[in-house]
Amino acid sequence: MPGSASTTHRPEGLIERLRSAAADGGEAKLKVLRELKNQIIGNRTKKLSYIKLGAVPSVVSILSSASSSVDCLLIQCAATIGSFACGVDAGVKAVLDAGAFPHLINLLSHSNEKVVDAGARALKMIYQSKAAPKYDFFQHKNIEFLISLLDKNNENVTGLGASIITHSCETNNEQKILADAGVLKKLINLLQGTTSQRESSLESFATIIKQNPEVITKFVGPENSTTFGSLLELTKDRYPRTRLLACICLTLIKNATSSSSSYLQSVGIRTKLILVLLELVDDFGQVGDEALFTLSSFIEHEEDLQKLAFEANTVDKLCHQMQKESLQAKRLEGIFTTLGNLCSNLEPCRSIVLQSPKALIIITDALTHTTIDVRVAACICLKNVSRSVKYLSAGHFMTDAVIMPVIQLLYDASTSVQVAALCTLVELSKSMDSTVRLNAVWALRNLMFLVDSRCKEEIFMDLKLFPLTRLISDSNACVQEQALGLVCNLVNGPVDSIMYLFTEGLLLNTVGRELRRASKPQVLVQAMYVMCNVASGKEFEKEAVMQQLVNEDDNNQSIIVTLLQSDVASLRTAVVWTVVNLTIPTGAGALARVVKLRNAGVVSQLKNMVNDPCLDVKLRVRTALGQSMTFGDFST
């Protein structure tokens with residue numbers, strides 16, 4: 001009957017047969033389980049369909065009720081559960097929700113090695129997912145269970161133990177517990193096993209030593225040279241992933257402690273590792289992606305290693321590779337991250353990137369990539385490439401092509417992208433090209449206006465004092481204006497913000513110097529508003545402004561009077577606002593300041609401005625005079 005046969009092969013029909021099989025004999029169960037397994041293997045769509053129809057609880061029910069003597073049924077149940085869990089998080093969740101985990105664990109102690117193997121395979125599939133259960137290594141029974149797995153001769157069982165470590169070990173204390181329990185030594189012994197055992201053991205080894213100098217020193221130190229030698233030997237393995245994992249372990253050892261990294265002081269070994277990783281980069285799958293990040297980590301912060309990588313033609317290779325079409329996001333991120341590290345110190349690396357016909361365009365285009373990590377990596381790469389004085393002065397970083405996309409990233413939804421963009425703008429503010437400097441400083445000025453005190457401090461620390469003073473004294477008046485506006489926004493707000501100007505006394509002195517020598521009104525206005533904001537602070541800050549604006553020498557007119565006489569209304573407004581802040585009568589030094597201002601001719605000049613054509617100036621003049629008169633009439 002064709003209709004009936006068709007119905008039984010539909011997912012609904014198979015599910016019905018699966019449910020009714022529980023009451024039938026073993027053969028019926030085996031048949032339907034095999035059919036279900038064959039339907040879902042390698043087919044994500046069918047897995048999700050059968051999960052939705054409730055297939056997983058039925059399979060787990062058969063497993064839980066099966067006699068321990070029916071080995072073939074146990075094996076088939078485990079294989080089907082493993083297939084549901086393989087590569088599909090929804091499958092892992094369904095398997096765990098159905099209660100399969102403890103039943104699979106029980107299979108590991110079965111007398112039939114094939115049943116053990118099937119259970120271990122299924123559990124390994126579960127542990128490929130982040131949703132897998134974590135083991136608490138502070139419980140001794142879990143350590144004992146883990147060691148029992150690593151002691152088995154079955155590669156799937158030892159692989160399961162390694163997977164549990166990789167998934168569950170997250171803290172330094174957990175790393176130390178595992179190492180002290182002898183787990184590291186067992187993993188090292190497994191490096192002599194099958195390819196599968198080597199790779200799973202290397203992953204777990206890396207998990208236990210990652211960023212833990214204490215564990216590395218104790219278990220991979222000078223007295224454990226065999227371990228180091230084994231890792232070096234595995235960098236020559238025939239399998240790419242094994243070579244990669246060995247390089248990852250060696251990189252972690254180098255990066256963790258200076259004492260352990262003594263093994264890697266040999267130029268020959270260092271060069272060898274770089275060459276191995278570069279060869280692996282040619283793999284356009286996961287191995288190649290991870291090789292890029294490992295290479296980047298290996299050379300980071302070490303100029304000597306960066307030089308070795310440069311001599312191995314790393315920059316040329318990556319510039320060529322980034323021009324390939326349809327690169328995945330992870331590959332782009334890895335290329336930009338590695339290039340960024342190479343260009344952080346070496347001008348020849350920057351030169352190659354900038355001489356590449358398409359490299360800069362590709363990096364700039366990546367600033368708008370849909371993936372956050374790619375945008376961050378591209379921004380950092382651009383920042384380090386932009387340190388090239390030669391090519392900045394040659395105009396490689398034109399406004400529309402580079403600066404504007406970076407400025408847009410200041411408003412990115414991701415904080416990490418915003419931080420990377422900020423660092424890039426800080427670097428570009430040092431450009432030899434005045435247009436680049438102008439746009440970079442303009443963006444920083446606007447950002448400084450929007451952020452809180454903590455962010456202001458971070459920007460100031462990134463920008464640094466001396467570059468900021470140079471921008472204030474820039475040969476381009478527009479850059480000066482934006483730089484002074486940035487400083488004005490820096491000190492606008494809480495009194496604590498004003499203290500940035502008193503770092504080594506340079507910043508305020510630079511602003512005062514520009515007030516005395518600048519001729520462009522827009523520069524003078526911004527400089528004056530810096531003084532105005534500082535004058536709103538405490539007594540110390542007010543006195544510092546007085547020293548900048550009021551000349552004690554009777555033979556020369558004070559700069560403040562000269563500025564009050566300006567034809568530019570906005571400048572007069574800024575100066576009068578400053579006088580208002582200096583003459584607030586509640587301060588302990590207010591009377592002394594008013595006397596100095598009167599002697600300098602400021603009060604007299606204010607009286608001449610009571611009918612100033614600018615309404616804003618007129619109103620502020622009256623306020624300033626009113627505050628001054630609090631201490632008496634200085635007309636005589």
So, [X] and [Y]: side-chain donor and acceptor under 3.5 Å apart, yes or no?
X: Thr195; Y: Arg198; result: yes
X: Thr194; Y: Ser196; result: no
X: Asn154; Y: Asp117; result: yes
X: Arg241; Y: Gln286; result: no

Between [X] and [Y], is there a donor-acceptor pair closer than 3.5 Å when you use the side chain of the first and the backbone of the second?
X: Lys47; Y: Ser83; result: yes
X: Glu427; Y: Cys423; result: no
X: Thr166; Y: Ala162; result: yes
X: Ser109; Y: Asn106; result: yes
X: Thr337; Y: Gly334; result: no
X: Tyr127; Y: Pro133; result: yes
X: Gln306; Y: Leu342; result: no
X: Glu333; Y: Ala377; result: no
X: Ser386; Y: Lys383; result: yes
X: Thr271; Y: Gly268; result: no

Of all the heavy-atom pairs spanning [X] and [Y], show the shortest one and how long it is.
X: Phe137; Y: Ile177; result: O-CG2, 3.5 Å
X: Thr370; Y: Arg375; result: O-NH1, 3.4 Å
X: Gln323; Y: Ser356; result: NE2-OG, 3.3 Å
X: Cys247; Y: Thr235; result: SG-CG2, 4.0 Å
X: Ile352; Y: Phe310; result: CD1-CE1, 3.4 Å
X: Ala359; Y: Val353; result: CB-O, 3.4 Å

Is any side-chain heavy atom of [Y] closer than 4.5 Å to one of [X]?
X: Ile147; Y: Val183; result: yes
X: Phe205; Y: Thr227; result: yes
X: Leu308; Y: Asp304; result: no
X: Leu231; Y: Ile253; result: yes
X: Ile372; Y: Val417; result: yes
X: Leu244; Y: Asp283; result: no
X: Leu146; Y: Leu178; result: yes
X: Leu339; Y: Met322; result: yes

For [X], I'd like to know if atom [atom1] has over 12 heavy atoms of other residues, nucleotides or ligands within 6.0 Å.
X: Glu144; atom1: CD; value: yes
X: Lys317; atom1: NZ; value: yes
X: Lys185; atom1: NZ; value: no
X: Gln211; atom1: CD; value: no

Quick one: do [X] and [Y] make a salt bridge, cutoff under 4.0 Å?
X: Glu302; Y: Arg270; answer: yes
X: Arg331; Y: Asp289; answer: yes
X: Arg350; Y: Glu347; answer: yes
X: Lys130; Y: Asp89; answer: no

Pairwise distance [atom1]([X]) to [atom2]([Y]) - rounded to 0.5 angstrom:
X: Thr424; Y: Asn384; atom1: OG1; atom2: CG; answer: 8.0 Å
X: Ile362; Y: Leu332; atom1: CD1; atom2: CG; answer: 8.5 Å
X: Lys124; Y: Ser200; atom1: NZ; atom2: OG; answer: 6.5 Å
X: Asn313; Y: Leu275; atom1: CG; atom2: CG; answer: 10.0 Å
X: Leu273; Y: Ile248; atom1: CG; atom2: CD1; answer: 12.0 Å
X: Thr80; Y: Ile75; atom1: OG1; atom2: CD1; answer: 11.5 Å

Starting from the C-alpha separation in whole Å, work towards a yes-or-no answer on side-chain contact (heavy atoms from CB on, under 4.5 Å) for Phe336 and Leu318.
CA-CA 9 Å; Phe336 296 148; Leu318 297 184; over 6 Å; no
May I have the step-by-step check of side-chain contact (heavy atoms from CB on, under 4.5 Å) for Lys210 and Cys169, ending in yes or no?
CA-CA 10 Å; Lys210 186 176 183 180; Cys169 181; over 6 Å; no
Donor-acceptor pairs under 3.5 angstrom involving side-chain atoms of residues 292-300: please list them, not counting sequence neighbours.
residue, atom, partner, partner atom, Å
Thr294, OG1, Glu290, O, 2.8
Ser296, OG, Asn341, ND2, 2.5
Ser297, OG, Asn255, ND2, 2.9

Could you go through Leu410 and Leu425, starting from their C-alpha distance and side-chain angles, then the distance that decides it, and tell me whether this counts as side-chain contact (heavy atoms from CB on, under 4.5 Å)?
CA-CA 10 Å; Leu410 291 173; Leu425 284 171; 3.3 Å; yes
Assess whether side-chain contact (heavy atoms from CB on, under 4.5 Å) is satisfied between Val406 and Asn439, documenting all intermediate values.
CA-CA 10 Å; Val406 177; Asn439 282 279; over 6 Å; no
